[in-house]
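Convention: sequence-line order gives letters A, B, ...; per-chain numbering from 1.
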Amino acid sequence: MFAEYLLPILMVVFLFIGIFTGYPVAFILGGLAIIFALIGDVPLPFLGMMGSRIYGGVLENWLYIAIPLFVFMGLMLEKSGVASRLLLTLQRLFGRVRGGLAISVALLGVVMAASTGIVGASVVMLGLLALPVMLKQNYKPEMACGVIAASGTLGILIPPSIMLVLIGSIMQVSVGNLFKAALIPGLMLGVLYIAYLLIMGRLKPDWMPLADTDAVDHDKTPLALALTRDLVGPVFLMVTVLGSIMMGIATPTEAAAIGALGAIFLAVVARKLTYTTLRDVCYDTAKTTAMIIFIVITATAFSLIFKRLGGDYMILDLFDATGLGSYGLLLAIMVLIFILGFFLEWIEISYVILPILLPVIGLMDFGMSTQATLVWFAILMAINLQTSFLTPPFGYALFYLKGITNGQVKITTIYKSIIPYVLLQLTGLLLCIAFPAIVLWLPGLI
Amino acid sequence: MKAAVHLRVAAALDLASRPLIGAGIWVGRLTSWLVLAVIAAVMLTVIMNALGMNELFRWENRVFLFQRAFTINSATELQWYLYGIFVLFASTYALHTNGHVRVDLFYSRFPARVKHAVDLLGHIFLLIPFCLFVAYLYWPQVEMSFMSGERSNFGGLGQRYLIKGALAVGLFFLALNAFGRILASLAAILDPKLAEKEPFHVR
Amino acid sequence: AMADGPRRIDVASVFDTSNFLGAGAQFMADEINVASDGKISFRVYEPGDLVPPFEVFNAVSSGAVDAGWDWMGYWAGTIPLLNLYGALPFGPTPEAFASWMWSGGGTEYIQAQYDNYNIKVLPCFVSPQETGGFYNKEINSVDDFDGLRFRISGLGARVLNKFGASTQLIPGGEIFLALERGRIDGAEFSVPQVDEVMGFDEITSYYYFPGWHQSASWFSLIINQNVWNQYSETQQKQFETACRSTLAWSMTEAPHQQMLTLAKMQERSGIDVRRFDDETLKNLEAAWEEVVEDEMNENPEFREAYESLMAHAKLIEEWYELQELP
Ligand code: NA
Ligand code: NA
């Protein structure tokens with residue numbers, strides 16, 4: 001088996017080696033794709049598909065248009081000072097609770113999750129809003145990054161979710177049912193995060209220090225008034241972004257544009273919109289977007305060659321060798337997806353691995369209807385894939401976060417930051433496996 | 001006193017790298033502004049949809065890009081034409097501003113010249129081959145799109161070859177800029193003084 | 001005798017093989033295996049596995065992928081004539097259309113076009129008439145199309161535009177959300193068997209019939225000409241045999257399944273299944289006649305094929321009329 005899969009194995013090995021040299025991840029992915037295509041004697045016309053995949057899968061992909069727009073919105077909000085004021089006031093609201101700021105971020109994450117189906121966008125928004133404030137307040141960087149990355153990824157689980165739409169169509173289960181089924185697990189994760197933050201606030205108070213009294217009390221405005229004042233802008237934005245989706249004015253991409261325009265408007269109102277501000281926001285939007293999208297561009301080339309050299313068969317063979325019962329198989333699949341999540345993006349896993357696994361799912365029997373089994377499995381899969389955004393070396397949430405920190409935070413710090421949240425997600429996953437009702441109750445499949 | 005040969009070579013390389021890097025930054029900054037156009041195009045779609053409009057304008061003769069009418073789908077497709085150009089040239093801009101993600105576990109501890117060596121080798125063996133292979137092999141698709149007059153099937157935009165061509169041109173431009181950085185890195189390796197300079201000094 | 005062509009070719013499907021439209025690719029793969037006595041086999045790839053669905057035509061043309069399984073309408077941006085095969089409003093039935101394709105010269109018209117792109121085309125699958133779509137608003141007359149935001153592609157869209165509808169380009173994966181949130185008022189997608197999986201019935205009120213905008217739609221196997229030429233004449237015939245068998249399967253498997261699926265959907269979501277009234281359909285047809293006239297003036301190849309198709313269909317209609325029992 002080793003000899004047969006030498007090339008895909010080497011691809012992964014060299015990827016690791018390359019990444020640790022510190023050369024940009026995106027370029028390593030693309031370069032290895034070419035090198036291994038040449039070593040593996042992949043015909044040139046096949047290599048020619050890389051361009052088609054980039055054009056059709058990345059440039060022509062509407063969902064991705066939302067990314068620069070949300071980045072723009074976040075940057076503009078930051079420049080207008082609206083965002084940090086709200087977070088500070090929110091923290092006043094949470095009073096003397098340790099980690100109040102982090103809890104505000106988690107709550108904001110849940111709200112944003114319900115408004116978009118796009119992970120990158122939420123992480124970027126939360127990061128731009130909250131990270132500077134948290135760091136200024138002397139949060140341990142690990143603490144700050146973790147809650148942002150994790151809360152930002154809730155967006156793919158809490159409906160609406162682009163991922164569930166895709167999984168639903170691949171597995172031939174109703175997307176409406178999946179949306180219902182994902183709601184409780186998604187909120188449950190949010191609750192787990194907040195519980196964790198409350199506990200950490202007690203255990204490690206210096207990891208999330210309270211704002212020093214001066215900073216909070218510097219603002220002498222009565223809390224109710226300050227809250228009203230600082231909420232006007234963001235509530236206006238929330239109404240424009242969330243509301244435009246809810247009321248059916250806009251798709252998520254369009255809502256992002258509405259949000260971007262709203263942010264410009266707030267900056268005008270705050271008298272902060274100068275030519276320099278606008279220019280800097282445009283420049284920074286370009287850089288951040290490029291960093292995100294170029295990874296997607298080269299990852300698509302990498303996975304094309306990985307599959308061509310037998311990487312997908314390697315995975316299937318690994319799996320065949322187990323010979324397990326229903327729960328054993330389920331656990332094996334979950335472990336496999338978790339591990340693959342370190343290297344592949346959810347689209348690859350959903351489109352490549354899921355179809356390979358479908359026949360296996362059909363073999364499993366958990367004493368529920370076929371429909372219930374499929375919905376349950378799809379949600380387990382979705383929770384599991386959520387971790388893939390957080391697990392290094394390829395966790396998009398991590399990259400997005402790194403992209404917006406402008407070198408303030410090391411990628412290794414970000415890696416460390418997500419460990420507790422990955423564990424919390426795995427806890428959520430195990431809870432859903434142990435108690436299928438968490439998933440199946442709302443869609444009425446129990 | 002005359003500088004040592006290797007220092008003079010370094011200075012020459014550094015000088016040669018500047019127009020390339022300068023062009024990359026200039027183009028990247030210019031295309032950055034396209035994000036505003038993307039916002040405008042998306043807003044146009046939102047407004048037209050809210051009003052249940054299908055066409056904004058219609059005219060007699062088929063014109064460049066917009067064909068015979070400006071429909072809601074023209075606005076929709078305009079979004080990704082603009083976004084595509086924006087993202088492709090931003091990738092080059094990010095190259096010069098050190099915007100692409102690195103796993104800096106060890107990298108951050110490397111001496112400046114080693115950092116330059118990593119980038120130099122990476123550009124030569126990874127980035128440039130990727131860009132050139134993809135761009136070169138994609139070019140026939142651009143030509144085919146041009147010959148067939150490929151256009152929207154939804155009453156949107158014409159001239160699909162423009163955005164397909166932008167992909168090939170964008171990647172070629174990135175390779176050219178990576179070459180510029182190779183010259184700069186070589187210069188820095190030869191001349192420690194250059195290496196000590198912050199290598200990504202633009203914003 | 002000529003040497004045999006490749007034993008295994010890659011086929012990039014534009015639909016998931018788990019749904020009816022993509023299942024055709026897998027069915028054909030099985031048929032070619034039998035017809036060639038195991039000497040030819042397909043490796044069918046899921047959409048996006050090799051290239052994104054909309055890039056399949058270009059990939060086959062350039063030889064990047066050996067072959068593709070497609071809905072012909074996807075390539076109308078490159079070959080406008082394909083609108084006729086993908087989604088022809090008020091066109092003939094699948095049976096009459098199939099007759100024209102295989103015995104009336106229909107395939108030759110497209111092959112002549114595909115020759116320019118170095119592609120051999122085998123039309124191997126026809127879907128039944130599609131539905132009139134899912135709506136959140138009642139359609140009682142063509143006036144109700146005014147300002148209606150509807151997801152539809154091709155020539156049917158141009159018909160609706162005449163009544164003031166805003167016809168939109170929304171990618172497959174986003175239709176559900178757009179419909180659910182009311183960003184669009186309705187959408188047509190495919191036949192009930194395929195629509196059911198998307199769950200559109202759970203978020204809309206009305207499911208309208210008939211699918212006037214698409215009376216039959218063609219799906220095909222496209223093969224890079226260089227690959228095709230490597231096969232011996234016998235092998236090429238084997239492809240045709242497998243193709244016709246797949247076509248027969250698509251025509252016999254589909255119709256009853258749609259009614260069974262429809263019943264399932266009604267039970268599940270209680271969606272209101274309706275028909276457009278005759279007046280509405282008559283008005284739509286009148287508008288279609290203007291659209292098709294424009295299209296024929298614009299595109300002489302379309303005129304030629306369209307006139308040939310309609311003449312062929314008329315013969316079949318006359319035959320059935322002559323044979324009709326009271
Ligand atoms: Na969501
Ligand atoms: Na990961």
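Considering only heavy-atom pairs separated by less than 4.5 Å from chain A, the leading option among B/L171, B/T76, B/T92, B/I128 is B/T76. Ranked by heavy-atom pairs shorter than 4.5 Å toward chain B, the options A/G48, A/A26, A/A290 are led by A/A290. With chain B as the partner, the residue from A/P45, A/A33, A/A37, A/S52 showing the most heavy-atom pairs under 4.5 Å is A/S52. Chain A forms more heavy-atom pairs under 4.5 Å with one residue of B/L121, B/V35, B/L126 than with any other, namely B/L126. For the set A/I411, A/V25, A/I297, A/L261, the entry with the most heavy-atom pairs within less than 4.5 Å of chain B is A/I411. Your options are B/S91, B/G28, B/G84, and the one with the most heavy-atom pairs under 4.5 Å with chain A is B/S91.
Using a 4.5 Å cut-off between heavy atoms, B/L36 contacts chain A through its side chain alone, with no backbone atom that close. The contact between B/L174 and chain A is made entirely by side chain atoms (from C-beta outward), counting heavy-atom distances below 4.5 Å. Interface remark: A/L47 contributes backbone and side-chain atoms alike to the contact with chain B (heavy atom separation under 4.5 Å). There is no contact between B/F89 and chain A, counting heavy-atom distances below 4.5 Å. Contacts of A/I34 with chain B are made by side-chain atoms alone, with heavy-atom separations under 4.5 Å and no backbone atom involved. With a 4.5 angstrom heavy-atom cutoff, B/S108 touches chain A only via side-chain atoms. For A/T413, no part lies under 4.5 angstrom from a heavy atom of chain B. For B/L34, no part lies under 4.5 angstrom from a heavy atom of chain A. With a 4.5 Å cut-off on non-hydrogen atoms, B/Q141 touches chain A through its side chain but not through its backbone. With a 4.5 angstrom heavy-atom cutoff, A/L398 does not touch chain B via any of its atoms. When heavy atoms are compared at a cutoff of 4.5 Å, A/I35 approaches chain B solely by way of its side chain, counted from C-beta outward. Within the 4.5 angstrom heavy-atom criterion, only side-chain atoms of B/L88, from C-beta onward, approach chain A.
Residue A/T289 holds its OG1 atom at 8.0 Å from OH of B/Y83, rounded to the nearest 0.5 Å. Distance check, rounded to the nearest 0.5 Å: CE of B/M43 to CG of A/L69 gives 10.5 Å. To the nearest 0.5 Å, atom CD of residue A/E254 and atom OG1 of residue B/T45 are 6.0 Å apart. Rounding to the nearest 0.5 Å gives a distance of 3.5 Å between CH2 of B/W80 and OH of A/Y55. To the nearest 0.5 angstrom, B/W33 atom CH2 is 4.5 Å from A/L278 atom CG. Residue A/F27 holds its CZ atom at 4.0 Å from NE2 of B/H100, rounded to the nearest 0.5 Å.
Looking at B/F86 and A/I65, their side chains never come closer than 4.5 Å, going by heavy atoms from C-beta outward. The shortest distance between side-chain heavy atoms of B/V87 and A/P68 does not fall below 4.5 Å.
Around CZ of B/F110, the count of heavy atoms belonging to other residues, nucleotides or ligands within 6.0 Å exceeds 12.
The interface of residues 14-23 of chain A with chain B, defined by heavy-atom distances below 4.5 Å, comprises A/I19, A/F20, A/T21, A/G22, A/Y23.
A/A286 approaches B/Y93 most closely through the heavy-atom pair CB-CD2, 4.3 Å.
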